[in-house]
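Reminder, nothing fancy here: chain letters follow the sequence lines and each chain counts from 1. Remember, predicted model here, so these are calculated numbers, not experimental data.
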Amino acid sequence: MRIATWNVNSIRARLPRLLSWLERESPDVVCLQETKVVDELFPSSEIESRGYSCLVYGQPTYNGVAILSRHPIKPLLRGLPIEPDHVECRLLAGVIAGVSVFSVYVPNGKEVGSPAYEHKIAWLERFRGLLDVTPSLQNDMVICGDFNVAPEDRDVHNPERWRGRLLCSDEERRALSEVMDLGLVDVTRLHHPGPGPFTWWDYRGGAFHRGWGLRIDHIYASLRLAERCVKAETHREERKGERPSDHVPVVADFKAR
DNA sequence: ATGGCTACTCCTAGTAGA
């Protein structure tokens, strides 16, 4: 089973690239973030014609998550329970072939210490609370997404320059590690000691060309599922060429039980 | 490096992203 995650930075802007990538890589499951579109305008028919079902949870302009699958999807969750009045489409989950699949888009945080930053930390804490009562943790579960956190220095092209800054601050890393401590495995790290592989490069300043990347997109598997992970990679070629997202896909392969 | 992209929208200029 091939499971992927990709922050596409607008599903409509990225549709041609997504479709050709789907045909080339044939993932079984794809978790998308930053789709930036309401559900009625999600390009479901184009994706379904390539053999995928779509589970979507979107809003105009901002955020938006989706799960594409070659196998039937049983919807599980849309958003964090008890969301405040301000709705943000950042979490979607479904069950696919016995695996609980989560697509998450963690808030960016804007600036260390800002209200947006506090919201990011609180969001991770609430997410932890949700997972803590999820029985799937003991079974087959995968949490894919843009976590907007580079967990360690080896996830950063220049750790000294980034130290303490947004995406790398101690508080963000601690909030994420408390989620991981519930019993999740970073499957990329099973196969790559680092530095990298990076998943995001700023659009500005030729960051990709200069190698100024971060690893902020992750595939986290429950202990039981992680045992079956035989391969994990990033598709950095998707950062090249015509109209790329600023993120690239992360792809993991799991052997059958 | 922190600018100097990119994509969005009921303000094509202002906001957000990371």
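With hydrogens and angles left out, the side-chain atoms of A:Asn7 and A:Glu34 include a donor and acceptor closer than 3.5 Å. The closest side-chain donor-acceptor pair between A:Gln33 and A:Ser103 falls under 3.5 angstrom.
When each of A:Ile216 and A:Ala207 is assigned the nucleotide of DNA chain B with its nearest heavy atom, A:Ala207 is the one assigned upstream, toward the 5' end.
Remark: C1' of B:dA16 and OH of A:Tyr105 are 8 Å apart, rounded to the nearest angstrom. Atom C1' of nucleotide B:dC5 and atom NE2 of A:His209 are separated by 16 Å, given to the nearest angstrom. Rounded to whole Å, the distance from CD on A:Glu34 to P on B:dA16 is 13 Å. Whole-Å rounding puts the A:Trp200 CH2 to B:dT6 C1' distance at 12 Å. Summarising the geometry, the separation between CH2 on A:Trp201 and C1' on B:dT6 is reported as 17 Å, rounded to the nearest angstrom. The nearest whole Å value for the distance from the OH atom in A:Tyr117 to the C1' atom in B:dA16 is 19 Å. Rounded to an integer number of Å, the gap from A:Asp202 CG to B:dG4 C1' is 10 Å. Protein atom CD of A:Glu111 is 13 Å distant from nucleotide atom P of B:dA16, rounded to whole Å.
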Contact list (N/O, under 3.5 angstrom) for nucleotides 7-9 of chain B vs protein:
unit_1: B:dA7; atom_1: OP1; unit_2: A:Arg14; atom_2: NH1; d: 3.0
unit_1: B:dA7; atom_1: OP1; unit_2: A:Arg14; atom_2: NH2; d: 3.4
unit_1: B:dA7; atom_1: O3'; unit_2: A:Ser10; atom_2: OG; d: 3.4
unit_1: B:dC8; atom_1: OP1; unit_2: A:Ser10; atom_2: OG; d: 2.6

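When heavy atoms are screened at a 4.0 angstrom cut-off, A:Leu214 is found touching no nucleic acid atom at all. Contacts of A:Phe147 with the nucleic acid, taken as non-hydrogen atoms under 4.0 Å apart, are absent. Across all strands, A:Trp162 comes closer than 4.0 Å to base atoms (heavy-atom distances). Here A:Asn7 lies in heavy-atom contact (under 4.0 Å) with sugar-phosphate atoms only. The residue A:Asp146 sits close only to the backbone: its heavy atoms come under 4.0 Å of sugar-phosphate atoms, none of a base.
Between the P atoms of B:dA16 and B:dC11, the separation comes to 16 Å (whole Å). Taking atom P on both nucleotides, B:dC10 is separated from B:dT6 by 23 Å, rounded to a whole Å.
Residues that satisfy the ring pair (Phe, Tyr, Trp, His ring centres under 6.0 Å) test with A:Tyr117, not counting sequence neighbours, are absent from this structure. In this structure, the side chain to side chain contact (heavy atoms under 4.5 Å, CB included) partners of A:Val99, at least two apart in sequence or on a different chain, are A:Met1, A:Val101, A:Asp140, A:Val142, A:Leu225. Residues forming a salt bridge (Lys or Arg N to Asp or Glu O under 4.0 Å) with A:Glu25 (at least two apart in sequence, or on another chain): A:Arg2. Contacts of A:Phe208 classified as ring pair (Phe, Tyr, Trp, His ring centres under 6.0 Å), with partners at least two apart in sequence or in another chain: A:Trp201.
Chaining together hydrophobic side chains whose heavy atoms lie under 4.5 Å apart leaves A:Val133 on its own.
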